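Fair warning: this is a prediction, and the values are worked out from it, not measured in the lab.
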Amino acid sequence: MFGIAGCSDVGARKTVNQDAWCALSAETSVGDVAMAVVCDGVGGLTSGELASSTVVHEFDRWFRRDLAPLALASVTREGEISLSDVADAWGHLLDDLNRRIGEYGRRRGALMGTTFSGLLVCQGRFVVGHVGDSRVYRIASGRIERLTNDQTLAASAVARGIVSAEDAPLMPHGSALIQSVGTQVGLRPEFTYGEARAGDLFVACSDGFYRRLGDEGLRDAYARVNITSEDDLLAVTERLIEQGVADGERDNLTAVCLSVTEARPVAPPGAREGGAG
């Protein structure tokens with residue numbers, strides 16, 4: 001079973017919120033499934049809010065329409081949904097969205113793009129799909145783990161040893177994205193897999209949300225929250241967003257929490273009936 005909470009704010013300076021998000025859970029024939037998605041329209045480009053909302057809308061539709069058939073078609077002998085099949089489906093969907101958003105923008109003489117960070121949790125496992133610099137974290141037992149790598153010029157320079165992590169924030173144009181949905185000739189989403197245990201809290205968020213907090217600030221804020229209470233999760237998230245706005249965060253701020261409140265064993269094929277809803 002899962003707890004879900006999320007919210008978004010335009011921030012202290014902007015007049016348009018280019019962030020978009022969704023979070024859903026459902027019962028399937030092989031167990032409970034939950035998904036969280038955060039998209040951040042690329043700053044400086046035209047209609048970033050349209051790009052981000054389009055991607056979120058299509059993933060919301062995928063979850064409601066396509067997840068249950070995929071779960072039935074890809075289930076293994078052990079009753080597990082193939083998360084690699086989920087990643088393949090997400091990759092195809094992101095490729096299609098990248099093409100459609102790009103073509104729409106070109107017809108109007110505009111460049112449109114968005115980040116994408118998505119998480120699917122089921123049967124004690126997770127898959128994360130990622131494009132850009134929004135992030136997905138896992139917080140458990142007082143520890144925080146970042147499950148995504150920022151796809152920015154600065155992060156790439158750090159990974160190649162060109163600059164240090166301490167100097168990266170000072171790098172000119174370091175926050176420029178290497179990838180975003182809608183701007184690429186060929187999109188290469190990154191996928192990460194792992195185990196999801198009872199007590200795990202996943203947080204998907206835009207850069208406006210995590211920038212001032214940092215990893216440790218995020219950990220401290222959520223470390224003591226009651227993850228079985230959606231009201232508590234929402235209250236902490238709202239407080240962090242209010243704090244960011246009060247501190248003058250220029251960007252939009254969005255965060256979605258997905259907690260694993262109970263880890264149920266995998267049901268063998270045919271043990272349960274029903275579909276995503």
Side-chain angles (χ1 to χ4, degrees), residues 1-4 21-39 55 58-60 62-63 66-95 97 115-141 143-151 155 159 178-179 181 187-205 210 215 218-219 227 256-269 276:
M1 297 179 64
F2 305 103
I4 292 174
W21 65 276
C22 69
L24 306 99
S25 62
E27 285 192 20
T28 76
S29 58
V30 289
D32 297 336
V33 184
M35 182 184 77
V37 172
V38 169
C39 292
V55 174
E58 290 300 321
F59 271 83
D60 181 293
W62 174 87
F63 187 90
D66 298 336
L67 173 60
L70 182 147
L72 289 173
S74 68
V75 69
T76 67
R77 291 182 179 179
E78 291 76 27
E80 293 186 341
I81 298 172
S82 169
L83 294 186
S84 61
D85 285 356
V86 171
D88 287 344
W90 282 16
H92 289 307
L93 180 53
L94 287 168
D95 281 341
L97 286 163
T115 70
F116 167 84
S117 290
L119 164 75
L120 187 88
V121 183
C122 64
Q123 302 172 317
R125 299 167 299 136
F126 71 81
V127 57
V128 170
H130 177 65
V131 176
D133 66 348
S134 295
R135 292 179 180 175
V136 179
Y137 292 91
R138 174 168 54 182
I139 303 169
S141 302
R143 298 181 179 180
I144 188 166
E145 177 185 8
R146 194 191 305 177
L147 301 176
T148 54
N149 297 308
D150 294 346
Q151 297 175 352
I178 295 173
Q179 282 203 111
V181 183
L187 193 66
R188 299 179 303 279
E190 293 182 357
F191 291 97
T192 303
Y193 306 85
E195 295 184 5
R197 303 177 180 88
D200 284 355
L201 172 64
F202 296 90
V203 180
C205 53
Y210 68 71
D215 293 4
L218 250 168
R219 182 202 63 189
I227 68 165
V256 181
C257 298
L258 196 164
S259 63
V260 184
T261 59
E262 179 183 345
R264 294 181 176 178
V266 175

Item to check | Where L94 and L187 come nearest, the two heavy atoms and their spacing | outcome: O-CD2, 3.7 Å
Item to check | Closest heavy-atom pair and its distance - D133, Y210 | outcome: O-OH, 2.6 Å
So, taking the atom named [atom1] in [X] and the one named [atom2] in [Y], what distance separates them when rounded to the nearest 0.5 Å?
X: L70; Y: S82; atom1: CG; atom2: OG; value: 8.0 Å
X: L72; Y: L67; atom1: CG; atom2: CG; value: 9.5 Å
X: L93; Y: W62; atom1: CG; atom2: CH2; value: 9.0 Å
X: C39; Y: F59; atom1: SG; atom2: CZ; value: 7.5 Å
X: F116; Y: E190; atom1: CZ; atom2: CD; value: 12.5 Å
X: Q179; Y: D150; atom1: CD; atom2: CG; value: 13.0 Å

Next on the checklist: For the residue pair S134 / S117, report whether a side-chain donor-acceptor contact shorter than 3.5 Å exists.
Outcome noted: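 No, no side-chain donor-acceptor contact under 3.5 Å.
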Contacts of [X] that satisfy salt bridge (Lys or Arg N to Asp or Glu O under 4.0 Å) - sequence neighbours left out:
X: R219; answer: E216
X: D215; answer: R135, R146
X: E145; answer: R138

Next on the checklist: Please check: side-chain N/O of H130 versus main-chain N/O of G132, any donor-acceptor pairing under 3.5 Å?
Outcome noted: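 Yes; judged by distance alone, with no hydrogens or angles, the pair exists.
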Checklist entry - Is a donor on one side and an acceptor on the other found under 3.5 Å between the side chain of T261 and the backbone of M1? => result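 Here the side-chain-to-backbone pair exists.
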Checklist outcome for this item: Sequence neighbours excluded, the answer for side chain to side chain contact (heavy atoms under 4.5 Å, CB included) partners of A87 is V127, F191, Y193
Residues in side-chain hydrogen bond (donor to acceptor under 3.5 Å, both in side chains) contact with [X], at least two apart in sequence or another chain:
X: S259; result: none
X: T192; result: none
X: D200; result: none

Are [X] and [Y] packed together at the side-chain level, in the sense that at least one heavy-atom pair is separated by less than 4.5 angstrom?
X: I81; Y: R125; answer: yes
X: V128; Y: F202; answer: no
X: F63; Y: V37; answer: no
X: W90; Y: L120; answer: yes
X: C205; Y: V38; answer: no
X: C22; Y: V256; answer: no

Item to check | side-chain contact (heavy atoms from CB on, under 4.5 Å) partner of M35, the single match among L24, V86, L258, D60 | outcome: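 Of the listed options, the one satisfying the test is L24.
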Next on the checklist: Which residues pass the ring pair (Phe, Tyr, Trp, His ring centres under 6.0 Å) test with F2, not counting sequence neighbours?
Outcome noted: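 With neighbours one apart ignored, the set is empty.
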